[in-house]
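Residue numbering restarts at 1 for every chain, and letters A, B, ... go by the order of the sequence lines. No hydrogens, no waters, no symmetry mates; every other heavy atom, side chains included, goes into these values.
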Protein chains: 2
Amino acid sequence: MKRMIVYISDSTGITAETVGHSLLTQFPAMEFESLTLRYIDNVAKAHEAAALINRAGKSSAQRPIVFSTLVNSEIRHIVTGSDCLFIDFMVPFISPLAEEFGESVRPSIGHTHGQGHQYDTRMTAVNFALDSDDGLRTQQYDKAEIILTGVSRSGKTPTCVYLALHYGVFAANYPLVEEDLDKLQLPDSLKKYRDKLFGLTISADRLYRIRSERRPNSDYASLRQCQYEVRQVEALFRQCHFGYLDVTTMSVEEIATTIMSQSQLE
Amino acid sequence: MKRMIVYISDSTGITAETVGHSLLTQFPAMEFESLTLRYIDNVAKAHEAAALINRAGKSSAQRPIVFSTLVNSEIRHIVTGSDCLFIDFMVPFISPLAEEFGESVRPSIGHTHGQGHQYDTRMTAVNFALDSDDGLRTQQYDKAEIILTGVSRSGKTPTCVYLALHYGVFAANYPLVEEDLDKLQLPDSLKKYRDKLFGLTISADRLYRIRSERRPNSDYASLRQCQYEVRQVEALFRQCHFGYLDVTTMSVEEIATTIMSQSQLE
């Protein structure tokens with residue numbers, strides 16, 4: 001029987017989901033099903049949420065676990081009145097912080113975060129990532145903060161997009177093709193940007209599986225081709241002395257944050 | 001004087017950053033500067049982190065606030081030994097959950113989340129979003145779960161990318177151009193996908209500012225043109241009876257989660 005998890009928030013629910021997921025990974029033996037109740041920002045929605053939690057508990061014969069970032073006390077009170085284990089990610093931390101900041105700083109309870117000041121930067125960075133995806137527009141590499149390179153399907157594009165969306169980093173990506181790999185040389189358009197280059201590599205087995213989904217039984221996807229490209233690209237990375245990362249077992253979040261740490265983009 | 005915030009994690013640091021940001025928005029009068037210490041997963045790195053926190057405290061004459069998702073007790077012990085306000089987002093919640101799940105389920109402390117099972121879906125969804133950005137490849141709209149539409153620069157692309165990266169949703173986007181707006185008609189390639197359409201709109205003032213950054217003093221960016229396009233696109237959305245959202249004051253996270261809720265993609 002899967003245990004019911006409810007994420008509840010007066011805003012996007014992203015914070016509750018993020019901490020909740022992290023906590024639940026500590027219990028790998030358990031199975032969960034989850035539901036997010038977003039924008040629960042008035043009393044009527046709170047009553048609906050409480051009723052839904054009660055119904056879910058009755059139908060599964062176990063009370064749901066509710067991960068909350070609600071801050072309004074009236075709304076919280078209604079939801080905590082339902083039959084659940086209520087785990088609160090916000091309120092218990094507000095008092096110690098308020099105390100630390102001193103009398104003069106009062107928490108503005110219920111203040112939800114609006115559009116961050118970095119919003120325009122992140123939007124511009126996403127457009128930059130898309131405009132310079134897959135070796136496009138190398139003439140705008142002067143504006144890039146980082147240029148990811150590697151063989152086709154090694155995860156460059158999602159990583160660029162993640163760096164742009166979350167950190168406002170201007171990230172371009174350039175796929176190395178067979179000609180570059182045969183010659184063990186960087187293409188001319190990359191040579192003058194060596195300081196911005198960062199390589200991604202991946203196991204040949206995993207690359208083979210990824211490419212096979214896209215173009216089954218092609219030369220491009222063959223294990224032999226994948227083995228050749230990975231061997232050559234790693235030799236090229238070492239020869240050119242720029243940082244690189246084996247992403248075989250990494251999530252896009254892990255790849256992006258590791259690059260942030262290693263390339264001092266922060 | 002800005003208060004120093006340190007996010008610390010044995011993994012990406014994303015959870016600590018996410019909850020930390022949410023908490024700090026409750027104190028809008030304060031100013032912060034922050035630093036993320038990622039992949040602190042052994043004793044040596046823990047000692048380095050503790051020394052860094054102590055130095056940061058001395059140089060700013062106020063102890064840093066440390067937001068932690070560390071779970072290993074030895075590593076935590078070293079970090080809590082530094083001079084800081086230590087706020088722990090993981091450990092206090094593990095016991096109540098373990099108790100709820102019962103004797104037979106023991107938390108596997110230190111188990112960090114690896115590559116999620118949804119990883120391939122999300123990668124494929126990002127590729128889909130990029131392949132069908134800006135009206136490209138409408139022939140693959142059968143595969144789309146949602147098609148965002150609206151005027152140029154209303155936030156369709158970042159939203160599609162966010163939906164793909166975070167939720168594995170196959171999201172395409174199609175910009176409505178002047179001809180569609182003049183005629184108040186959907187282009188032929190969209191007509192048969194009315195059930196998948198979702199509109200984004202934005203205030204003419206904000207659209208004017210966004211477009212002016214990209215193409216200053218053009219007809220495209222003029223306030224008059226923006227006013228015309230916004231008025232027409234909203235009329236078209238209403239006439240075609242599909243859902244739409246005014247994104248003027250919304251972050252990309254808010255747009256994406258609102259669409260998830262409203263279009264029952266979950």
Please determine whether the number of non-hydrogen atoms from other residues, nucleotides or ligands lying under 6.0 Å from atom OH of A:Y208 exceeds 12. no
Heavy-atom pair of closest approach, residues A:M123 and B:G155: CE-CA, 4.0 Å
Using non-hydrogen atoms only, which part of A:R153 is less than 4.5 Å away from chain B: side chain, backbone, both, or neither? side chain
Heavy-atom pairs under 4.5 Å with chain A - which of B:V161, B:T69, B:L23 has more of them than the others? B:L23
Verify the neighbour count for atom CD of B:E74: are there more than 12 heavy atoms of other residues, nucleotides or ligands below 6.0 Å? no
Side-chain touch B:I65/A:F101, heavy atoms, less than 4.5 angstrom: yes
Beyond-backbone contact of A:T18 with B:V19, side-chain heavy atoms, under 4.5 angstrom: no
Partner set under side-chain contact (heavy atoms from CB on, under 4.5 Å) for B:P64, not counting sequence neighbours: B:M4, B:V6, B:I53, B:A56
Where on A:L97 is there a heavy atom nearer than 4.5 Å to chain B: the side chain, the backbone, both, or neither? both
Under the side chain to side chain donor-acceptor pair (under 3.5 Å) rule, what do A:T12 and B:T257 come out as? Steps first, then yes or no, please. CA-CA 6 Å; A:T12 62; B:T257 54; 4.9 Å; no
Residue part contacting chain B, namely of A:D133, when any heavy atom lies under 4.5 Å: side chain
Where do A:E254 and B:S11 come nearest, in terms of heavy atoms and distance? OE2-OG, 4.4 Å
Beyond-backbone contact of A:V126 with B:Y162, side-chain heavy atoms, under 4.5 angstrom: no
Atom CD1 of A:I14 and atom NE2 of B:H166: how far apart are they, to the nearest 0.5 Å? 7.0 Å
By a 4.5 Å heavy-atom criterion (distance strictly below it), what part of B:L85 contacts chain A: side chain, backbone, both, or neither? side chain
Measure the spacing between CZ of A:R38 and CE of B:M260 and express it to the nearest 0.5 Å. 6.0 Å
Checked B:I87, B:L24, B:L37 vs chain A; the most non-hydrogen pairs under 4.5 Å come from B:I87
Looking at B:E253 and A:R122, does any basic side-chain N land under 4.0 Å from a carboxylate oxygen? yes
Under 4.5 Å from any heavy atom of chain A - which part of B:T258: both
Please lay out, stage by stage, how A:S261 and B:Y39 fare under the test side chain to side chain donor-acceptor pair (under 3.5 Å). CA-CA 9 Å; A:S261 300; B:Y39 303 107; over 6 Å; no
Counting only heavy atoms closer than 4.5 Å, note whether A:L130 contacts chain B via side chain, backbone, both or neither. side chain
Results of ring pair (Phe, Tyr, Trp, His ring centres under 6.0 Å) for B:F67 - residues two or more places apart only: B:Y7, B:F89
Please classify the contact between B:R214 and chain A as side chain, backbone, both or neither, with a heavy-atom cut-off of under 4.5 Å. side chain
